[in-house]
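Step one of this worksheet: look at the structure below.
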Amino acid sequence: MFLQMRAEVEDALEAALDTLDLPTEDLGIEEPPEDVDAVLASSAAFRLAGEVGAPPPKVAADVADAIDVDSLTYVSAATTQGPYVNFLPSDAYFAETLDAATDDDFGRLPDRETSVVVEHTSANPTGPVHVGRARNPIIGDAVARVLDYAGYDVDRHYYVNDAGRQIAVFTWAYETFDESDLPEPERDSPEYEMVRYYRKGNSFLEDGDADEVETAEAEIQAILQGLEEGDEETYERVAEVVDTVLGGMQATLGRLPAEFDEFVKETRFMRDGSTDELVDRLQGLDCAVYEDDAWQLDLPDFEKNLVFLRSDGTSLYTTRDLAHHEWKFDNYDRAVTVLGEDHKLQADQLSAALDLLGNDTDQLRQVFYSWVNLPEGGMSTREGTGIDLDDLLDEAIARAREEVESRLDDRSRGELDDEDVERIAHQVGIGAVRYDIVSKQPTKGITFEWDRALDFEAQSAPYVQYIHARCCGILDEVETVPSDADFDALTEPEARDLLRVIAQFPAVIEEAAEDLQPHSVATYTRTLAETFNAFYRECPVLDADPETRAARLALVAGTRHTVANALDAIGVEAPTSM
RNA sequence: GGGCACGUAGCUCAGUCCGGAUAGAGCGUCGGACUUCUAAUCCGACGGUCGUGGGUUCGAAUCCCACCGUGCCCGCCA
């Protein structure tokens with residue numbers, strides 16, 4: 001209802017200013033502080049004071065008087081407090097919110113008939129997913145979910161680098177070294193087994209005998225050339241390595257869960273001729289230059305040229321990515337990419353080049369995040385430094401299990417069997433990891449520390465999940481939730497506050513989708529949880545008189561849908577008991 | 001050296017895009033609340049030159065400039 005009320009207030013305020021012959025381009029609509037009883041306010045009087053020649057409070061009073069409150073549905077009164085015009089919610093605002101929240105799909109916005117492809121993770125298939133990379137799938141999946149809630153038709157893509165030098169090194173190493181020369185794998189899983197070849201290959205190239213390294217380099221070059229020339233056998237050799245490793249990584253990502261509609265391979269754009277075709281078009285651009293035997297774009301506003309064809313005639317990652325993005329534009333209305341901040345320059349150049357090729361780059365947006373580091377430094381697959389995401393998730397689940405078990409003895413209700421304990425441990429453990437990452441602004445740096453990442457207390461996933469379990473606990477005691485609940489029975493301020501917070505959920509989704517900021521949904525879940533806890537403390541539900549009980553049950557049901565959907569929008573599960 | 005990001009309570013973070021009402025949480029510390037729908041909860045206290053210095057404005061954590069600190073980038077790597 002918040003979205004509807006805001007629209008109504010905008011119209012009413014504009015009409016009022018128009019009546020007073022005042023400019024309407026700055027309505028100054030904002031949300032008042034908590035202790036003010038209004039849902040919306042306007043600070044326009046500050047700016048209009050000069051124009052009118054009267055002090056702001058006087059202007060505010062005139063504006064408030066000029067508003068035709070009787071014609072408004074969701075506003076009961078327009079009052080003033082100093083220079084502010086405050087808009088108070090009407091009974092209809094509360095009543096319709098209570099009604100809307102009884103829908104299982106509350107918060108889901110109408111279909112926009114717009115397709116969006118969200119590309120995220122796209123980590124090189126070289127080994128186990130480590131925590132340094134984990135921010136990408138968690139943010140990416142949340143962005144996709146939020147867009148889905150906001151009414152977009154979303155596809156999730158993982159762009160697979162199966163054509164670069166690292167993959168050629170990996171293929172060579174896999175075919176060259178014998179398993180008996182390798183250490184035991186850290187886990188019984190394909191990517192853990194395979195990464196041993198990759199690490200061995202890299203250290204060989206660094207420290208090996210000069211002649212042998214030269215032979216190896218020739219072999220690696222042959223693989224790269226084979227891919228460039230479209231040699232079928234080379235594709236198959238590389239694909240064996242890539243698909244095996246990717247399969248293992250996919251299993252780990254699935255635990256988050258981060259799932260994909262499509263794994264788009266880079267070689268696809270080499271094989272179908274689109275990269276060659278793109279190179280032709282790039283060469284025809286005004287800013288295309290041939291320098292040092294290589295084709296480059298001398299992009300305006302960039303210090304560094306963008307090389308798109310090496311002196312040996314082969315394409316580069318960026319060249320193929322340009323073809324990839326044109327393919328996205330052909331198939332989707334919008335494209336979002338989640339990238340590490342180290343790709344910022346590359347992404348800006350990509351965008352500039354796409355623009356020069358005649359694409360509408362307004363439909364392309366990036367979300368950048370900064371790396372997760374360890375207190376002692378960065379994480380690297382090649383060096384084998386870092387914490388594997390599998391280990392983090394295992395530890396999170398183990399700690400959550402301990403928490404559940406330690407609480408079994410003093411539970412006042414709801415016996416849990418072994419299956420429940422395991423379910424809760426997974427929901428809470430993985431939820432805590434996701435929530436910890438998704439709730440922070442992506443651009444801020446994170447230093448990974450076990451205890452901080454796995455804190456199950458306030459401002460964490462379990463804090464929010466707990467109110468869902470509490471709602472479920474109450475609702476379990478009744479046969480049905482009354483459908484004709486009367487919000488008038490919700491007289492306590494805690495109940496009204498809760499209803500106000502619930503009313504905002506669709507607006508939270510809309511804004512998070514618009515700004516591609518899922519962390520604001522996480523912030524919202526915390527506010528919702530705090531407000532519900534106040535209600536829970538002050539307003540007994542089951543023992544209330546019939547009319548109050550019915551209304552409070554409806555409010556609990558609405559809270560349950562809201563918290564479940566808000567958590568779902570950021571990819572955190574909502575346990576029915578804890 | 002140049003570009004981009006970040007700097008808010010002892011610690012971890014919201015708020016910054018779109019300037020407005022006494023700058024909000026959690027953790028930690030201290031003190032309270034389970035015969036009442038789950039205490040992974042709640043209530044209270046303590047805690048802040050919003051990196052620094054200028055500027056714009058009736059009003060700046062928020063916009064502009066300079067500086068300091070930290071991170072990332074500046075490959076015919078990805």
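This one's a predicted model, so the numbers in the text were calculated from it and none came from an experiment. Note on naming: letters A, B, ... go to the chains in the order of the sequence lines (proteins, then strands), and numbering restarts at 1 for each one.
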note = When A/S43, A/P56, A/S42, A/P55 are each screened for side chain to side chain contact (heavy atoms under 4.5 Å, CB included) with A/P83, the one that passes is A/P56

ask   = For B/rC13, is chi within 90° of 0 (syn) or not (anti)?
value = anti

Mate of [N] where both pairing distances stay under 3.5 Å, Watson-Crick or G-U:
{"N": "B/rG24", "answer": "B/rC13"}
{"N": "B/rU56", "answer": "none"}
{"N": "B/rA5", "answer": "B/rU70"}
{"N": "B/rG48", "answer": "none"}
{"N": "B/rA40", "answer": "none"}

What contact category does [X] fall into here, base, sugar-phosphate, or nothing, at under 4.0 angstrom with non-hydrogen atoms?
{"X": "A/V556", "value": "nothing"}
{"X": "A/V307", "value": "sugar-phosphate"}
{"X": "A/A534", "value": "nothing"}
{"X": "A/N373", "value": "nothing"}
{"X": "A/R382", "value": "nothing"}

key: Pairwise C1' distance, B/rC68 and B/rG51 [rounded to whole Å]   = 7 Å

Roughly how many Å is it from [atom1] in [X] to [atom2] in [N], rounded to a whole number?
{"X": "A/Q366", "N": "B/rC4", "atom1": "CD", "atom2": "P", "result": "16 Å"}
{"X": "A/E457", "N": "B/rG28", "atom1": "CD", "atom2": "C1'", "result": "11 Å"}
{"X": "A/L350", "N": "B/rA78", "atom1": "CG", "atom2": "P", "result": "14 Å"}
{"X": "A/K304", "N": "B/rG1", "atom1": "NZ", "atom2": "C1'", "result": "17 Å"}

Residue A/E303, side-chain atoms from C-beta onward, closest of B/rG2, B/rC18, B/rA78 = B/rG2

request  = Map A/T576 and A/S43 onto RNA chain B by nearest heavy atom, then report which one ends up closer to the 5' terminus.
outcome  = A/S43

inquiry  = Heavy-atom nearest nucleotide on RNA chain B for A/Q459 versus A/S577: which residue maps closer to 5'?
reply    = A/Q459

ask   = With a 3.5 Å cut-off and no angle check, do the side chains of A/Q166 and A/Y198 form a donor-acceptor pair?
value = yes

ask   = Is there a donor-acceptor contact under 3.5 Å linking the side chains of A/S460 and A/D455?
value = no

key: Student check: side-chain heavy atoms of A/W450 and A/L392 closer than 4.5 Å   = yes

ask   = Hey, does A/Y463 have a side-chain heavy atom less than 4.5 Å from the side chain of A/N533?
value = yes

